[in-house]
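Residue numbers start at 1 and run along the sequence shown. Below, all heavy atoms of this structure are taken into account, side chains as well, without hydrogens, waters or symmetry copies.
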Amino acid sequence: MPTIMERAGLAALRCLDPETGHRLAIRALQLGLTPQPGPVTSPRLRTRLAGLDLPNPVGLAAGFDKNAEALVPLSRSGFGFIEVGAVTPRPQPGNPRPRLFRLTRDRAAINRFGFNNDGMEAVAARLARRPKNAVIGLNLGANKDSTDRAGDYARVLARCGQWLDFATVNVSSPNTEKLRDLQGKDALGALLHGVMETRDRLTRPIPVFLKIAPDLTDAELQDIAEVARDSGLDAIIATNTTLDRTGLRAPHAGEKGGLSGAPLFEKSTRVLAKLSVMTDGAIPLIGVGGIGSAEDAYAKIRAGACAVQLYTALVYGGLSLAAEIARGLDRLLQRDGFANVAEAVGTDRETWT
């Protein structure tokens with residue numbers, strides 16, 4: 001549970017417009033005003049993901065620390081791994097404000113940021129000063145006005161790759177026009193070919209992940225599974241935000257952009273379980289979408305995820321939620337007789353397919 005100080009801080013931030021509140025949350029991290037319990041781990045929680053050794057399988061999703069400004073405090077906040085970004089070759093302001101909306105009744109959010117970020121040069125300088133005892137990855141993006149979006153991903157990886165433990169190809173944001181077109185079989189295969197060639201030229205080659213949308217048909221998911229196998233992808237992150245608005249009750253539900261948070265849980269988990277069946281466990285999967293408790297994280301793992309990520313739930317539960325979920329997951333694994341996370345992966349995927 002959040003501390004009294006954290007609850008007070010969350011209440012204060014919710015009095016501000018969401019983007020200003022988020023900016024202040026990053027500042028609070030930098031000033032050491034947030035919970036920092038250090039690594040949360042146990043023999044049951046230790047996880048190996050695409051060659052990476054994680055203290056626990058609960059990660060921070062991209063979007064929270066877009067510009068890698070709070071790497072040290074985030075690495076001490078209980079997460080097993082951190083993903084920053086998305087980052088594009090050139091800085092860009094993103095879409096006009098307002099572009100972030102809280103849906104408190106639904107414990108959700110809608111954003112249409114449009115890959116606003118400081119650009120790869122600024123982020124590379126921060127990554128060069130990263131903590132060495134953490135697992136840190138970067139979400140790769142493309143500039144909105146780029147004439148070679150596929151090439152943008154490779155450029156960011158080439159510039160920042162030496163300081164990363166993994167990189168994620170993000171072709172699933174709904175907020176950059178026609179970006180999701182890159183999820184098509186031919187376009188995705190060509191894009192990943194360029195990224196993998198760049199990865200192989202790094203001094204220390206790193207795992208490459210792909211982040212997909214939850215709004216794909218079964219045929220499109222099958223295409224992605226085939227491309228992932230053929231390209232040698234190391235993992236798939238399922239999923240990004242959705243364009244679906246089914247069942248929302250809160251004001252701002254009609255705003256344009258990607259929906260994240262609790263309403264996404266069921267949809268993203270079904271996509272995850274289907275991918276688990278399609279890939280037959282050959283490609284590690286990372287479950288994202290609507291995780292707000294240890295039970296949610298456990299459900300994703302049993303649906304086929306080797307690890308999970310969260311973001312929107314932190315708006316409502318605070319950063320202490322990361323450690324809380326990790327500890328709760330440890331108890332659930334112990335309750336059900338699993339010696340480690342890997343034993344639980346996919347044990348309930350038929351329920352979701």
Side-chain contact test, heavy atoms from C-beta onward, threshold under 4.5 Å: evaluate it for [X] versus [Y] and give yes or no.
X: L29; Y: L319; answer: yes
X: L157; Y: I206; answer: yes
X: F115; Y: K144; answer: no
X: P263; Y: L248; answer: yes
X: V227; Y: L233; answer: no
X: D244; Y: P214; answer: no
X: L71; Y: P131; answer: yes
X: R245; Y: I110; answer: yes

- Message: Is there a side chain to side chain contact (heavy atoms under 4.5 Å, CB included) between E69 and R23? Walk through the geometry before answering.
- Response: CA-CA 11 Å; E69 297 175 286; R23 185 67 239 159; 3.0 Å; yes

- side chain to side chain contact (heavy atoms under 4.5 Å, CB included) evaluation trace for N56 with R44: CA-CA 8 Å; N56 71 65; R44 277 182 295 271; over 6 Å; no

- Task: Pick out which of T347, T351, T269 makes a side chain to side chain donor-acceptor pair (under 3.5 Å) with R302.
- Result: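 Exactly one pass, corresponding to T347.
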
Okay, side chain of [X], backbone of [Y]: is any donor-acceptor separation there less than 3.5 Å?
X: H193; Y: S231; result: no
X: R112; Y: P98; result: yes
X: Y153; Y: N170; result: yes
X: N340; Y: E343; result: yes
X: E19; Y: R97; result: no
X: N111; Y: F113; result: yes
X: R90; Y: N143; result: no
X: R249; Y: R105; result: yes

What pair of heavy atoms forms the shortest contact from [X] to [Y], and how long is it?
X: R204; Y: L164; result: NH2-O, 2.6 Å
X: G80; Y: V135; result: O-CB, 4.1 Å
X: Q30; Y: A70; result: CG-CB, 4.5 Å
X: A134; Y: D165; result: O-OD2, 3.2 Å
X: V40; Y: A326; result: CG1-CB, 3.6 Å
X: V315; Y: L10; result: O-CD2, 3.7 Å

Quick one: pull up [atom1] in [X] and [atom2] in [Y] and give me the separation to the nearest 0.5 Å.
X: I212; Y: E220; atom1: CD1; atom2: CD; value: 10.0 Å
X: Q334; Y: L45; atom1: CD; atom2: CG; value: 10.5 Å
X: L329; Y: L333; atom1: CG; atom2: CG; value: 4.5 Å
X: R27; Y: T34; atom1: CZ; atom2: OG1; value: 12.5 Å
X: N240; Y: K211; atom1: CG; atom2: NZ; value: 4.5 Å
X: I236; Y: I283; atom1: CD1; atom2: CD1; value: 4.5 Å

- Can V58 and I291 be said to form a side chain to side chain contact (heavy atoms under 4.5 Å, CB included), step by step? CA-CA 10 Å; V58 182; I291 296 172; over 6 Å; no

- D200 vs E197, side chain to side chain contact (heavy atoms under 4.5 Å, CB included): CA-CA, chis, key distance, verdict: CA-CA 5 Å; D200 292 342; E197 282 193 332; 5.8 Å; no

- Message: Is it true that T168 and N139 share a donor-acceptor pair across their side chains at a distance under 3.5 Å?
- Response: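 Their side chains do not contain a donor-acceptor pair, so the 3.5 Å distance test is not met.
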
What I want to find out is whether [X] reaches [Y] closely enough, with some N-O distance under 4.0 Å, to be called a salt bridge.
X: R270; Y: E266; answer: yes
X: R126; Y: D65; answer: no
X: R155; Y: D152; answer: yes
X: K66; Y: D118; answer: no

- Query: Parallel, tilted or perpendicular: which fits the ring planes of F101 and H252, with parallel below 30° and perpendicular above 60°?
  - Reply: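 The rings of F101 and H252 sit tilted, inter-plane angle from 30° to 60°.
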
Same apolar cluster (I L V M F W Y, side chains within < 4.5 Å links), [X]/[Y]:
X: L13; Y: Y316; value: no
X: F79; Y: L138; value: yes
X: V271; Y: V171; value: yes
X: V288; Y: L264; value: no
X: I26; Y: I82; value: yes

- Item | Reference residue K185; test side-chain contact (heavy atoms from CB on, under 4.5 Å); the match among D223, I224, D230 |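 Passing option: D223.
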
- Message: Can you see whether F265 has K300 sitting over its ring - NZ or CZ less than 6.0 Å from the centre and within 45° of the normal?
- Response: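 Output yes; distance and angle both within limits.
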
